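Following: one structure in structure tokens, then a few remarks.
All values derive from a computational prediction rather than experimental measurement.
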Amino acid sequence: MIIVTGATGLIGTYLIDQLVKDGVEVLATGKSGIGEAYYKNQDIPFQNLDITQETDFRKLPQRNISAVVHLAALIPANVIEEDYDPRHYITVNVVGTLNVLEFCRRNSVHKIIYSSSHSDVENLWGFGKPIGEEAGSNFKYTGDHAMYIISKLCGVDCVRHYYEQYGVRNIVFRLPPVYGYGPHTEIYKDGKSLKTGFVIFIENAVDGKPIEVWGDCQKGRDVVYVKDVVSAIILALKSEDALGLYNIASGKVVTLKEEAESIVRVFSPKETPSRIVYRPDKPNSIQPFLYDISKARRDFGWFPKYSFEQMLEDYKKEAESGRFTFLLEKRKEINRK
């Protein structure tokens, strides 16, 4: 059996979906009532689990667990500004991770996959060179991401310790923005729910309206599609060689210009495609970054299969299918809290 924490999030949902298709015995865990209802409706085993509560782990199976994929975390996007308390990051991302690791140790679970953030190398962004795993952490100690990164890096050290001390094999995925249907529809800021630029681009394209690209249109980022992340997790679960930190990204930069052009091709009416309007006079907040993904290819044969445009095509199909609409409802649930 494979246990997935944070199974009601984007990556967890797609991971459970693929594992079930592959005939793998799984247990989805999480705290979202909307997510729990989805899994029960799909007849997929689900257990309500608060990783900060050690006693909650007594509800889980105690035998024949081959691995835990630990995706549960407190992230800045889910924290309302007036509710900010740095201790919450430590409680969820450090104490919660230690509870997961203790569960693994006590029940002879020999492998854990842990998701971390690429913001741990924020000070290395913008230089045009692929960032490798050997670069180590280098980030800003100010801003709304600082305590999040500190807590996630502490989690990385904890899983390393449990490997060195107890033999729980640690696999850490450093993830850039993971795109997929659900979390990129809106963000919560200053007490308000706002549409993301990605969704505004798509909505304008669907309606044939102009799309404005602000600032330097050649700026870009290395982003990855959720299904490529899922394929990396599954390969790492099967691998006897995967160990330590891996960049799980596309290994390519998608510029704002390429992003807008791809969105128009995929979403805009063929007879009246959206016009792209470039506004270099207006600033944008894009921070360029690029990652070296060769280690994952070498150790467990992973490489991304979706180009940015292929990702958009699949994103469109997923949206039209409506099979994971609970992710949108879950996002609204978070925003209302």
Side-chain angles (χ1 to χ4, degrees), residues 2 4 10-12 14-15 18-19 22 24 66-71 97 101 104 109-139 149 152-153 155-180 220-254 288-311 314:
I2 292 171
V4 180
L10 173 69
I11 300 172
Y14 276 87
L15 174 61
Q18 189 59 53
L19 289 171
D22 292 345
V24 177
S66 58
V68 171
V69 181
H70 182 29
L71 302 173
T97 296
L101 288 163
C104 291
V109 181
H110 296 301
K111 182 179 288 188
I112 183 170
I113 295 181
Y114 177 75
S115 63
S116 194
S117 170
H118 77 131
S119 292
D120 67 335
V121 290
E122 185 177 0
N123 287 339
L124 302 179
W125 296 350
F127 292 97
K129 296 180 180 179
I131 300 169
E133 291 86 353
E134 75 287 347
S137 62
N138 193 332
F139 64 99
I149 296 304
K152 292 298 283 185
L153 286 173
V156 170
D157 286 340
C158 288
V159 296
R160 171 72 180 271
H161 167 64
Y162 270 70
Y163 169 64
E164 300 286 350
Q165 187 75 25
Y166 305 113
V168 181
R169 197 170 187 86
N170 68 303
I171 302 166
V172 178
F173 282 3
R174 177 193 277 153
L175 300 172
V178 178
Y179 275 60
R221 306 180 301 165
D222 184 344
V223 300
V224 66
Y225 190 39
V226 63
K227 290 186 178 180
D228 279 327
V229 175
V230 165
S231 70
I233 293 172
I234 290 173
L235 285 171
L237 286 170
K238 295 176 180 178
S239 173
E240 297 298 325
D241 297 318
L243 179 69
L245 176 64
Y246 295 93
N247 292 329
I248 303 298
S250 70
K252 297 178 181 179
V253 168
V254 178
F289 45 77
L290 174 65
Y291 293 96
D292 180 351
I293 60 174
S294 59
K295 184 182 175 187
R297 180 189 286 267
R298 183 187 72 233
D299 284 7
F300 50 93
W302 176 81
F303 57 91
K305 296 180 180 179
Y306 289 85
S307 67
F308 185 76
E309 192 155 327
Q310 289 170 331
M311 178 203 84
D314 198 67

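Across all non-hydrogen atoms, the minimal contact from Ser115 to Leu175 is CB-CD1, 4.1 Å. Across every non-hydrogen atom of Tyr246 and Gly244, the tightest pair is CD1-O, 3.4 Å. For the residue pair Ala236 and Ile113, the shortest heavy atom distance occurs at CB-CD1, 3.9 Å. Between Phe289 and Pro177, the closest heavy-atom pair is CZ-CD, 3.7 Å. When every heavy atom of Asp222 is checked against every heavy atom of Pro176, the shortest pair comes out as O-CB, 3.3 Å. Closest approach of Gly301 to Leu235, counting heavy atoms only: O-CD1, 3.9 Å.
Using a distance-only test at 3.5 Å, with no hydrogens or angles considered, no donor-acceptor pair links the side chain of Lys152 to the main chain of Asp120. Side chain of Asp228 to backbone of Tyr306: a donor-acceptor contact under 3.5 angstrom is found. Judged by distance alone, the side chain of Lys111 and the main-chain N or O of Leu237 form a donor-acceptor pair under 3.5 Å. Trp125 contributes no side-chain N or O that, together with a main-chain N or O of Ser119, makes up a donor-acceptor pair within less than 3.5 Å. Side-chain atoms of Asn247 come within 3.5 Å of backbone N or O of Ile131 as a donor-acceptor pair. Judged purely by atom type and a 3.5 angstrom limit, Asp22 has no side-chain atom pairing as donor or acceptor with the backbone of Val24.
To the nearest 0.5 Å, atom CD1 of residue Ile234 and atom CZ of residue Phe300 are 12.0 Å apart. Between Arg298 atom CZ and Lys295 atom NZ the span is 7.0 Å, to the nearest 0.5 Å. The distance from the CD1 atom of Ile171 to the CG atom of Leu243 is 7.5 Å, given to the nearest 0.5 Å. With rounding to the nearest 0.5 Å, the separation of NZ in Lys252 from CD1 in Ile293 is 8.5 Å. Atoms OG and CG, from Ser137 and Leu245 in turn, are 10.5 Å apart once rounded to the nearest 0.5 Å. Rounded to the nearest 0.5 Å, atoms CD (Gln310) and NZ (Lys305) are 11.5 Å apart.
A 6.0 Å sphere centred on CD of Glu240 holds no more than 12 heavy atoms belonging to other residues, nucleotides or ligands.
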Working for side chain to side chain contact (heavy atoms under 4.5 Å, CB included), residues Ile233 and Phe173: CA-CA 9 Å; Ile233 293 172; Phe173 282 3; 3.5 Å; yes
From CA spacing to verdict: side chain to side chain contact (heavy atoms under 4.5 Å, CB included), Val223, Phe308: CA-CA 8 Å; Val223 300; Phe308 185 76; 4.2 Å; yes
Trace of the side chain to side chain contact (heavy atoms under 4.5 Å, CB included) decision for Arg174 with His118: CA-CA 5 Å; Arg174 177 193 277 153; His118 77 131; 3.9 Å; yes
Side chain to side chain contact (heavy atoms under 4.5 Å, CB included) evaluation trace for Phe139 with Leu153: CA-CA 11 Å; Phe139 64 99; Leu153 286 173; 3.5 Å; yes
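Counting only heavy atoms from C-beta outward, the side chains of Val121 and Tyr291 approach each other to under 4.5 Å. With contacts defined as side-chain heavy-atom distances shorter than 4.5 Å, the pair Val159/Val168 does not qualify.
Defined by atom type and a distance below 3.5 Å, a donor-acceptor pair is present between the side-chain atoms of Asp292 and Ser294.
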